Amino acid sequence: MTEIHRRKFLRGCGVAFALPFLESMVSAKEANSQRRRIVAINIGLGLHAPNMIPEQTGRKYELPTYLKLLADYRDQLTVISGTSHPEVGGGHASYKSYLTCAPHPNSAGFRNTISLDQIAAAEFGSETRFASLSLSSSGPGLSWSRSGVEIPTLTRPSFVFRKLFLAGNANEQAQQMQRLQDGQSVLDAVMDKTKRMERTLSGRDRQKLDQYFEAVREAERRLAKAEAWEKKTKPQVKAKPPRDETDNKKIVERMRLMYDVMHLALETDSTRFVTYNIAGMNAVPVIPGVNIDYHNLSHHGKDPEKLAQLKMVESALIQEFHGFLKKLNETSEVEGTLLDSTSVLFGSNLGNASSHDTKNMPILLAGGGFQHGQHLAFDRKNNYPLPNLFVSMLQRLGMETDTFGTSTGTMTGLKLLG
């Protein structure tokens, strides 16, 4: 069979959109390489920069406190400093822009834009049962639709597990199918009525109606996909359903459970795009040696006692992230590991949580098939645009795009393997 590369085909046709993935157009090797993923994790109360960011640049940097905990993966991650989202301030509210880079998230008229994961899901989400998963420790998440609407989050690992792997009884399955079919019927009725209105509208109203039609068609496509997947058996896993930790102060245990189901979701190819917002709390976490509430610790004001306890809390968070990377790295695929095919973004929307500063965001990128093992240090006074990293991540998925929000191109210094 003659192989046709998708990008060459697109360029030959002179069009700017991507074809759907067609097995007959690529070799087995290229087909496997299409299964690329993105996981984005945000620590909402920041990460103390001196413990996170190396003093040296390039590849021969000394590991600061937090990176010592990730030493096993030094060659599989890149440390990025001196970056931020242009015109994104707003302190804690900046979590809304972590994956969208929409400016001024704390302004009265703020309207968000589409997030990194949802752009990827719109392009490749039909290849899995769930286009994406939006998770959080509590409250809001990081995922936003094309119209700037927040994607509802899942906060209980047991519910995520059930959604991914448990089919429910025959009655529950029948009810779900009926709900999907009812939704399709409602959309059919809406389309029928609005089409009859079309010939009476002005040109501007027709344009608005066309946009509405496209939104309805997109909803129809999602319903059709959901109905098709509902008829397929969910994957079976050896893992037992998790028992949720009900004490929200046990942040380590709760995080570990969520990372476990995130790994299972990726391992079974139930989804390829996951966001996880670790929001923090106004309470004392159950961590040995800590007796000050976490939010208060993040506003340390350089107080030595607070900084010492903050290091304990954030070290625990980094340790759990290490465990997640370990699971990905120990999961083999046809070529390489799950970590090799998954771009894992880990960082915070706050560069300095103590002062609510959104500049100099602490960022790590692991896996995904990039050349790692380096510290990419940009100008701390005039920050480099972090959206450039998002362009690089989307291109790694196979998307033909050169922009994301306020980006100026791909990320300087970040190259692909091979």
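Every value quoted in this text rests on a predicted model; they were computed, and no experiment measured them. Each residue takes its place number in the sequence, starting with 1.
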(request) Before giving the answer on side-chain hydrogen bond (donor to acceptor under 3.5 Å, both in side chains), spell out for T408 and N388 the whole-Å C-alpha distance, their side-chain angles and the decisive distance to 0.1 Å. (result) CA-CA 6 Å; T408 59; N388 287 14; 2.9 Å; yes

(request) Would you check, one step at a time, whether the test side-chain hydrogen bond (donor to acceptor under 3.5 Å, both in side chains) holds for T406 with H85? (result) CA-CA 8 Å; T406 51; H85 291 319; 5.6 Å; no

(message) Applying side-chain contact (heavy atoms from CB on, under 4.5 Å) to L135 and N277, what does each step give before you reach the verdict?
(response) CA-CA 6 Å; L135 311 174; N277 190 30; over 6 Å; no

(request) Begin from the C-alpha positions of D247 and K249 and carry the test salt bridge (charged side-chain N to carboxylate O under 4.0 Å, His left out) through to its verdict. (result) CA-CA 5 Å; D247 185 351; K249 295 185 292 298; 3.3 Å; yes

(request) With side-chain contact (heavy atoms from CB on, under 4.5 Å) as the test, would you mind laying out the steps for Y384 and L376 before giving the verdict? (result) CA-CA 11 Å; Y384 182 84; L376 291 178; over 6 Å; no

(request) List the steps and the verdict of side-chain hydrogen bond (donor to acceptor under 3.5 Å, both in side chains) for D117 and S143. (result) CA-CA 7 Å; D117 60 302; S143 301; 2.7 Å; yes

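T155 and T153 form no side-chain donor-acceptor contact under 3.5 Å, judged by distance and modelled atom types alone. For the residue pair Q76/N329, the side-chain donor-acceptor check at 3.5 Å is satisfied. Side chains of E333 and S341: a donor on one and an acceptor on the other come within 3.5 Å. Side-chain polar atoms of N352 and N360 form no donor-acceptor pair below 3.5 angstrom. Donor-acceptor pairing under 3.5 Å is recorded for the side chains of Q118 and S132. Defined by atom type and a distance below 3.5 Å, a donor-acceptor pair is present between the side-chain atoms of H263 and T331.
Applying the 6.0 Å contact sphere to CD of E55 captures no more than 12 heavy atoms from other residues, nucleotides or ligands. Within a 6.0 Å sphere centred on CZ of R146, other residues, nucleotides and ligands contribute 12 heavy atoms or fewer.
At least one side-chain heavy atom of S94 sits under 4.5 Å from a side-chain heavy atom of L350. E320 has its side chain out of reach of I251: every pair of non-hydrogen atoms, C-beta onward, lies at least 4.5 Å apart. Using a 4.5 Å heavy-atom cutoff, the side chains of S147 and R111 are in contact. In this structure, L133 and T275 have side chains that are not in contact, with every pair of non-hydrogen atoms separated by 4.5 Å or more. Residues P64 and P54 have side chains in contact (heavy-atom distance under 4.5 Å, counting atoms from C-beta outward).
In summary, the aromatic rings of Y294 and H299 are positioned with their centroids too far apart to meet the 6.0 Å limit. Residues F130 and F273 place their aromatic rings such that the two centres sit no closer than 6.0 Å. Proximity of the aromatic rings of Y73 and H322 is defined here by a centroid distance below 6.0 angstrom, and this criterion is met.
A side-chain contact (heavy atoms from CB on, under 4.5 Å) with L389 is found for one member of T78, T412, L345, L394 and no other, namely L345. Checking each of L365, V79, D75 against H372 for a side-chain contact (heavy atoms from CB on, under 4.5 Å) leaves exactly one that passes, namely L365. Checking each of L142, T113, I114, L116 against T100 for a side-chain contact (heavy atoms from CB on, under 4.5 Å) leaves exactly one that passes, namely T113.
Of the possible donor and acceptor atoms, one in the side chain of N383 sits under 3.5 Å from a partner among the backbone N and O of R380.
Here the straight-line distance linking atom CD of E123 with atom CE of M399 works out to 4.5 Å at 0.5 Å rounding. How far SG of C101 is from CZ of F390: 7.0 Å, rounded to the nearest 0.5 Å. Rounding to the nearest 0.5 Å places CG of L70 at 6.5 Å from CG of L325.
The pair D269-R35 counts as a salt bridge, with a side-chain nitrogen and a carboxylate oxygen less than 4.0 angstrom apart. With respect to the salt-bridge test (charged N to carboxylate O, under 4.0 angstrom), the residues D379 and K381 do not qualify. A salt bridge does not link E245 to R254: none of the charged nitrogens lies less than 4.0 Å from a carboxylate oxygen. E267 has no carboxylate O lying under 4.0 Å from a charged side-chain N of R272, or vice versa, which leaves the two without a salt bridge.
The aromatic rings of H92 and H295 sit perpendicular, their planes meeting at an angle over 60°, well past the 30° parallel limit. Relative ring orientation between F321 and Y259 is described as tilted, the plane-to-plane angle lying within the 30° to 60° band.
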